Amino acid sequence: MKVGLIGATGVVGTTVLRVLEERRVPVSELRAYASRDRDVTVRFHDADVPVFGATVERLRRDGNDVVIFASSDDASAEMAHAAVEAGAIVIDNSSTFRLDPGCPLVIPEVNADAVQPQHRIFPVANCTAIILCMGLAPIAKSAGLRSVRVATYQAVSGAGRAGLDALEAEERGGKPNGTFAAPIFRNVVPQIGSFDAFGDSGEEKKVVLETRKMLGLPKLHVAATTVRVPVRRAHSEAVFFETERPTTREELARAFDVAGGVVYHADGIVTPLDVEDGDDVHVARLRPEADSLREEGMPSSRFQMWVVGDQLRKGAATNGVQIIELLLEKGLLRARTSAT
Ligand SMILES: NC(=O)c1ccc[n+]([C@@H]2O[C@H](COP(=O)([O-])OP(=O)(O)OC[C@H]3O[C@@H](n4cnc5c(N)ncnc54)[C@H](OP(=O)(O)O)[C@@H]3O)[C@@H](O)[C@H]2O)c1
């Protein structure tokens, strides 16, 4: 299978290379692209792969079976359809196609059924929304979901290489360079993206709309406040939710135990450093909300929990690679070239 990776020099692209290797995806040829021809190479299966500027013409010429976009909204808007016309399946980490009704927004553990044979473009959802849905899907299945409120603690690598560089520069005493809305070193910044007329940020709107789409609950009440914190990698989320029917912590714990890709911690805490470079999403501190009705073991409809996941892996690279595996499994992706 010939795979093209656009954005191979970025933080998501680099993670995609590692995940393709680790999961032994049958790649016969890898083509790496960035914003322009580069004199750097990327490592893939012990080989140095040259990096070329991505253009529509080049994609047409290269004839990839799969093109993974890990670049920008503009690049996906400009080149994804051309890649499809040239015969490829597109896995797109940008937000360009996520809310397009013609494109499924898939987390393989949650809604693999959303994939249909006619689909050619597979957006990978917002990283915060993927981590949230991994935590919420077992609950929705077990007791139904009526409402969700979430406050996030998002790593700087969510803003790409520039985000990591900005934190490192400030740690060394440099001045904030505008990557974030306020200084990030020794600070937290309650703005990710620009605000709309209601005061919601771009990131908050993505979390709300994409969560509804992935859970297949278009009317679900979701409210989000998204915050950047000086953590290098992995997003954390404080989630408050109301179930359709009263349930217990034990019943929800059982739902997590049978869900793929989720690790439930009955005791203790989990931090971003604990989950860095892992594919699982971790749930801890699950408990009924403190109110006058709370009694140990009694059913409740209102709970809160702490959810943490590496956003470069499950929130981006791993989820995209899992979609490729799912398409191969379903016979919906046939390589025109065989694996070596
Ligand atoms: N970071 C995350 O946690 C995360 C999570 C989920 C989704 N995403 C999405 O994944 C994508 C990549 O993000 P990132 O964090 O990896 O960013 P990044 O570290 O800034 O890397 C961006 C990559 O895209 C390339 N690129 C930029 N414009 C391009 C263009 N017009 N044509 C071809 N390549 C282009 C860059 O190439 P050069 O090296 O030549 O500049 C670089 O390789 C974005 O759409 C982002 O929204 C990111």
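First listed ligand is number 1; within each ligand, the first listed atom is number 1. Bear in mind the structure is a predicted one, so any value in this text is a computation, not a measurement.
- Side-chain contact, E237 with T128: no donor N or O sits under 3.5 Å from an acceptor N or O.
- Without hydrogens or angle criteria, S147 side chain to F241 main chain gives no donor-acceptor distance under 3.5 Å.
- For the pair Q311 and ligand 1, the shortest N or O to N or O distance falls below 3.5 Å.
- Under a 4.0 Å criterion applied to the non-hydrogen atoms of T9, ligand 1 contributes the atoms 37 (O), 38 (P), 39 (O), 42 (C), 43 (O).
- Inclusion of V12 in the set of residues having an N or O under 3.5 Å from an N or O of ligand 1 is warranted.
- Within ligand 1, the atoms closer than 4.0 Å to a non-hydrogen atom of R36 are 40 (O), numbered from 1 in the order shown.
- Counting heavy atoms closer than 4.0 Å to ligand 1, residue A155 contributes nothing at all.
- A34 O, 3.2 Å is the protein heavy atom nearest to atom 33 (C) of ligand 1.
- Given atom 47 (O) of ligand 1, the protein heavy atom at minimum distance is N93 O, 4.3 Å.
- The closest protein non-hydrogen atom to atom 30 (C) of ligand 1 is A75 CB, 3.7 Å.
- Of the listed options G160, A162, A54, G163, G160 places a heavy atom closest to atom 15 (O) of ligand 1.
- Using a 4.0 Å cut-off between charged nitrogen and carboxylate oxygen, E109 and K314 count as a salt-bridge pair.
- Distance alone, capped at 3.5 Å, places no donor-acceptor pair between the R60 side chain and the A83 backbone.
- No hydrogens or angles considered: a donor-acceptor pair under 3.5 Å links the side chains of D274 and T271.
- Centroid-to-centroid, the aromatic rings of F52 and Y33 stay 6.0 Å apart or farther.
- The environment of R23 atom CZ is dense: over 12 non-hydrogen atoms of other residues, nucleotides or ligands sit within 6.0 angstrom.
- Atom NZ of K141 has 12 or fewer neighbouring heavy atoms from other residues, nucleotides or ligands inside a 6.0 Å radius.
- Ligand 1 has a nitrogen or oxygen under 3.5 angstrom from a nitrogen or oxygen of G10.
- For ligand 1, one of its N or O atoms has an N or O atom of R38 under 3.5 Å away.
- A donor-acceptor pair under 3.5 Å is formed between the side chain of T15 and the backbone N or O of V11.
- With N126 as reference, E203 is the one residue of Q311, K206, E203, K205 to meet the side chain to side chain donor-acceptor pair (under 3.5 Å) rule.
- Applying the 4.0 Å criterion to heavy atoms of R161 picks out, from ligand 1, the atoms 18 (P), 19 (O), 20 (O).
- For a threshold of 3.5 Å applied to N or O pairs, the pair formed by A125 and ligand 1 contains no separation below that value.
- A donor atom on one side chain and an acceptor atom on the other are not found under 3.5 Å apart for D74 and S72.
- Side-chain N or O atoms of R245 include one that pairs as donor or acceptor with a backbone N or O of S142 at under 3.5 Å.
- Every atom of ligand 1 is numbered from 1 in the order shown, and the set under 4.0 Å from a heavy atom of S157 is 1 (N), 2 (C), 3 (O).
- Side-chain atoms of D310 come within 3.5 Å of backbone N or O of L312 as a donor-acceptor pair.
- For ligand 1, the atoms closer than 4.0 angstrom to any heavy atom of V11 are 1 (N), 14 (P), 15 (O), 16 (O), 19 (O).
- Comparing A129, S35, A317, G7 against atom 27 (C) of ligand 1, the shortest heavy-atom distance belongs to S35.
- Remark: ligand 1 atoms within the under-4.0 Å shell around heavy atoms of A316 are 5 (C), 6 (C).
- Near G315, with a cut-off below 4.0 Å to any heavy atom, the atoms of ligand 1 are 6 (C).
- Heavy atoms of G158 approach ligand 1 to within less than 4.0 angstrom.
- Taking only non-hydrogen atoms, the option from A8, S94, S71, A32 nearest to atom 44 (C) of ligand 1 is S71.
- When heavy-atom distances to ligand 1 are checked against a 4.0 Å cut-off, D74 has no atom that comes that close, whether in backbone or side chain.
- Applying the 4.0 Å criterion to heavy atoms of L312 picks out, from ligand 1, the atoms 1 (N), 2 (C), 3 (O).
- No close placement of the H119 and F97 rings is indicated, their centers lying 6.0 Å or farther apart.
- Heavy-atom separations between I6 and ligand 1 include at least one value shorter than 4.0 Å.
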